[in-house]
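Below is one structure; the comments refer to it alone.
Note: hydrogens, waters and symmetry copies are ignored here, and every other heavy atom, side chains too, is used. What you are looking at is a predicted structure, and each value in this text was computed from that prediction instead of being measured.
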Number of protein chains: 2
Amino acid sequence: MSFNYLTNIPLEQAREEYISLLHSMGMASECEEIPVQNTCGRITFAPVYAKICSPHYHASAMDGIALKAKLTFGASETTPVVLKSGEFIQVDTGDPIPEECDAVIMIEDVIYDSDGSVRLFSAAAPWQHIRQIGEDICAGEMILPAGVKITPSAIGAMIAGGCLKIKVIKKPVIGIIPTGDELVPPTDEPKPGDILEFNSSIFSAMVEKWGGIAKAYPIVPDKPELLRSTLRQAVAECDAVLLNAGSSAGRDDYSVSIIGEVAEVIYHGIAIKPGKPAILAAAGRKPVLGVPGYPVSGIIVIEEFLKPILEILCGTQTDIPEFAEATLSRPVISGLKYKEFVRVRMGTVNGRLVASPLNRGAGVVSSFMKADGILEVPQGTEGFEAGETVTIKLLRPLKELENSVVVIGSHDPLLDELGNMLHSTDCKLYMSSSHVGSMGGIMALRRGEAHAAGCHLLDESDGRYNSSYLRRYFPNGGVRLVECVGRTQGIMVQKGNPLNIRGMDDLFKGDLRYVNRQKGSGTRVLFDYLCKKSSYDVSKLYGYDREELTHTSVAAQIAAGSADAGLGIYSAAQMYGLDFVPVCTEQYDLIIPDYAWETESVQKLIEVLKSDAFKARLTEMGGYTLENPGKVKEKY
Amino acid sequence: MSFNYLTNIPLEQAREEYISLLHSMGMASECEEIPVQNTCGRITFAPVYAKICSPHYHASAMDGIALKAKLTFGASETTPVVLKSGEFIQVDTGDPIPEECDAVIMIEDVIYDSDGSVRLFSAAAPWQHIRQIGEDICAGEMILPAGVKITPSAIGAMIAGGCLKIKVIKKPVIGIIPTGDELVPPTDEPKPGDILEFNSSIFSAMVEKWGGIAKAYPIVPDKPELLRSTLRQAVAECDAVLLNAGSSAGRDDYSVSIIGEVAEVIYHGIAIKPGKPAILAAAGRKPVLGVPGYPVSGIIVIEEFLKPILEILCGTQTDIPEFAEATLSRPVISGLKYKEFVRVRMGTVNGRLVASPLNRGAGVVSSFMKADGILEVPQGTEGFEAGETVTIKLLRPLKELENSVVVIGSHDPLLDELGNMLHSTDCKLYMSSSHVGSMGGIMALRRGEAHAAGCHLLDESDGRYNSSYLRRYFPNGGVRLVECVGRTQGIMVQKGNPLNIRGMDDLFKGDLRYVNRQKGSGTRVLFDYLCKKSSYDVSKLYGYDREELTHTSVAAQIAAGSADAGLGIYSAAQMYGLDFVPVCTEQYDLIIPDYAWETESVQKLIEVLKSDAFKARLTEMGGYTLENPGKVKEKY
């Protein structure tokens, strides 16, 4: 038994060895015979030969008369041939040609005489205007070879050739077993400690997208005998099995020992990140994969190991990845020990495709959803520098990336609404927004990585917003300040305001637990300005260092009771049913660089900003004042 | 009523007017709410907002102890902090953090004392090693905007956000009504005059491929009251209806009058070929299309009119066509009156993408199946010249075309077998073969349009095959003659040989009906040589001018009884159960030009020629002698 416990084997080597072992054990695509009408998109298992000819009889290709061509030989303008009734027969298009006939004359070329005879002024060539037997398809002819994808017209050709049932490659059934005591089926009212089991839904969708049939088993609790029997059942019922177990070290050992009882473990531990604890095993010719519990790890492992297996079982390459060269916006540091898969957001800015690394936490499923591509950092490489040209495996079509408005900067839920409306207005346009705070947005614009930046930066010297920052950070100009909304900033507090907070003063009394925003965010700048103005000692504020990246996540912490107060906007407070103590009104604008201004997508965005629908939606959300959204306030 | 009877309106104008009318009548995508697990590949109807946070509780990110960070403040290497049991709690990864705690210390950094207390040598930062509520997704956050395609990871994110059912765009139901007295459901034993109804299967597959649901109604005979009631029912049950009627002039009028009773006919007659008699009608906001009966016409009409409608109803562009520039191998002549859709075969030969026009008959469904692309000849254009660069709408991925071995020349069923084996050997390789006779193949090679040509040309002067033709047609060399097979040519006759034909002599006795091969084919050259040698008068042979393009179609005519004899190869006679009178053995070879020789695909083809599997298959088919298939006999 070639059991390799917690190895760190390179991905490519593990995959090659694993798949060739499965091959040698007999893993191969299988066959099923199904009605030809249901075969669109399926792959032929064997060549399909026509059983009958099409047409299967000599058919008239015209409305006219059928006759024996010989009888017309010698006919000309001057010496017409006369055929008596009985020597010809009326036919319409598609009618069978009588056995003794071998030509059709178009109705327009026939002169009928009163006695029922016809006069013809030119000879008929044998077989003229007849669709001969087999004109389209001949019996015995190969209509399709083995191993090709069936198209709608091929279905027509097969039916025409009398093939009613054909052999196609059977869709492989992939068993998916979620396991873990803390897992619960999807619910919108989970209890603390419950972990929603959504991995099997993600994996099922991947399997079906690639042409397999997903068979998800109910959640198996951490009981060895149950897990063993479910795994045995799945191996018997399916063509391949995924065991999706929690990722802690203890859990992991447990999975590998159970898998080891039912199958032969080939490798445990692959040099990839995320996804290291993957288990590759074989129950005879059937693959059994131990998939780590974190969703992103699981997706990577399934993509790298199950997909090539499915391609063998399905007899075709599906979902062929597209690659593109892009400029990396920020450095990516990676360990030498692993091949790392880094999710990136992408956009075409100023004619250049830019890739920005996303949150690398393996538990963050939304980061995978938001990813536009994957940057693979090879094992033995330390990573890439900012500005380097890298090759990205695309998760969305390049066309979509080229039509995305990239907005980087301060967070406001209105950006999501804006993106939604932009796409509704023109379905080829998308918005990709990243929340890195107002200063982060300005820096992204300076690096040429965004089409627009959301910004609400207060100039302490004059109490005005944004304008002076433009002059400071874009000394050579080249940007516009586009009015967006006024919004109310205030202190979000628990529902009912149990600590009776009336203003900034109250944050510094008693044992209050604050939750802050990250440095560089406009809201942090505002909070620090307000504290400085009133000489509050922020070092005395418990939680001043607890940083969240968005208004909604600040509100979420307060709603969950782990903080008492945080500065944020009204709409976020309203979303969580929190009480709200208004502090001030600030201006939230968009900075748009000249290089982006004239693009169709940005102009459409401005249209949306100016629209009544946008006003209506923001009024519904509350806490916004809209004067002239979309107006260029300054061109600098 | 804006009823335009048998118009010749340009395609683009008709489509634009028709669709904007349907829009104005209220045609739009509709909504359905379904379990989120079933939404992969579907399009969101409305934005999806998270209902709960993910994580929905503060979860430990490590195995360790949870505690109140404040208690650890001041701890250092020299002044450890001691916490008594009760002041901390053991947690594993994923465990909820108790309400009074706000930090986790990794198990590795904890020293346990014997009394149950712990010593800590560094302070914990508040919220360290805790996955805070909403780290991944915040309640209220927009997970997906409206109008986007749902991916597997988005399904995970939606479940994590507590969205169990979501609103997606409903799949539109497209009714398909086949009509005509002569139509019969698919069968492999049709009676003469029966027309197999396969259009509804083709159209259904197209509809499903584009994201709709096809609802095919049973065949409706040509009875006005039945047709009317079925059409009424379909309009009530479906979102759009296709009425697929026969294409003869009479049938057509009939369709339009019935459609006119149920819907408003907008246009009848579009300036396209094939597809002219299309009917565009609207039953309120529901499209009703009269689709011509010939399959190729129907496919074009559905592609041009139904597809854009489906894209509106489905809220997304599906199956976005790929275009490529190609060199036209033969001229395409088209009428000025229509926009014409010409099917082409394609291949990359010598680094150049070449397009060769296919049979233009609208009834030939196999030509659509074999087509690699569509050349659109705009209305008002007379066509294109050979050698012109044209833009082709691809029906197969460019990648496949680049990996196709293009074989043009003499027909032999072994080519299909060869192509099948080539693809089985390496699934990225395909063979595209066209049957234009041996001389046609040589000409294609001279024009640089093929990788190989099947050839069996007898030199009357020395009785040898192929060799002298190479010298004559490739005076500058640059080709190889690759041995393929010896094959038996003979006279195919009805089963039992009722006319008692024993040899060539007997063809010229009595009233025999012959069926010939086309000029330029090797078999025609052979037949003419044999006739000349024995001084037979071919003008006396009935059917000498009846030309078929393949051995199998000659066999099919004899098997159907419309001819008594034809020269052809043994395997074709065997395919149709015909008697066979051997005449001679000839050499069938492949000519391969130098520019193609070194390509991977041609080398793989040679491997297949040399394989035992190829020998075995041809032995099974019969009539072949194999000595050294794949051997280069001459390099010239």
With chain A, which of [options] has the greatest number of heavy-atom pairs at distances under 4.5 Å?
options                   : value
P186(B), S424(B), A572(B) : P186(B)
L196(B), T550(B), L164(B) : L164(B)
P126(B), G134(B), A146(B) : A146(B)
A154(B), A559(B), A139(B) : A139(B)
E99(B), K70(B), E208(B)   : K70(B)
P152(B), G162(B), A205(B) : P152(B)

When heavy-atom pairs shorter than 4.5 Å are enumerated against chain B, which of [options] gives the highest number?
options                           : answer
P145(A), S553(A), C138(A), P55(A) : C138(A)
G156(A), G140(A), P96(A), A125(A) : G156(A)
K191(A), K149(A), E189(A)         : K191(A)
P47(A), A556(A), C53(A), P190(A)  : P190(A)
V148(A), D92(A), L395(A)          : V148(A)
D188(A), T187(A), N420(A)         : N420(A)

Closest contact, heavy atoms only, [X] versus [Y]:
X       : Y       : result
V365(B) : D136(A) : N-OD2, 2.8 Å
I299(B) : S153(A) : CD1-CB, 4.1 Å
A69(A)  : Y542(B) : CB-OH, 4.4 Å
A157(B) : M369(A) : CB-SD, 3.6 Å
S562(A) : W127(B) : CB-CH2, 3.4 Å
Q37(A)  : S201(B) : CG-OG, 3.3 Å

Relative to chain B, which segment of [X] carries a heavy atom at a distance below 4.5 Å: side chain, backbone, both, or neither?
X       : result
I143(A) : both
P413(A) : neither
D194(A) : both
C40(A)  : side chain
I133(A) : both
E417(A) : both
D95(A)  : neither
C427(A) : neither
Y49(A)  : side chain
A59(A)  : neither
V36(A)  : neither

Item to complete: Check step by step if side chain to side chain contact (heavy atoms under 4.5 Å, CB included) holds for D102(A) and R546(B).
Response: CA-CA 11 Å; D102(A) 65 2; R546(B) 184 179 177 191; over 6 Å; no
When rounded to the nearest 0.5 angstrom, what distance separates [atom1] in [X] from [atom2] in [Y]?
X       : Y       : atom1 : atom2 : result
K370(A) : T151(B) : NZ    : OG1   : 12.5 Å
H56(A)  : I195(B) : NE2   : CD1   : 7.5 Å
E135(A) : Q557(B) : CD    : CD    : 10.0 Å
I159(A) : N199(B) : CD1   : CG    : 9.5 Å
T552(B) : M142(A) : OG1   : CE    : 12.0 Å

Worksheet item: With no hydrogens and no angle check, is any side-chain donor or acceptor of Y57(B) less than 3.5 Å from a backbone partner on A560(A)?
Response: no
Discussion item. Is it the case that the side chain of H423(A) and the backbone of G147(B) share a donor-acceptor pair, with hydrogens and angles ignored and the cut-off at 3.5 Å?
Written reply: yes
Worksheet item: Can you say whether Y430(B) sits under 4.5 Å from chain A via the side chain, the backbone, both, or neither, judging by heavy atoms?
Response: side chain
Discussion item. Need one label for M575(B): side chain, backbone, both or neither, based on atoms under 4.5 Å from any heavy atom in chain A.
Written reply: side chain
Discussion item. Counting only heavy atoms not in K399(B) (residues, nucleotides, ligands), do more than 12 fall under 6.0 Å from its NZ?
Written reply: no
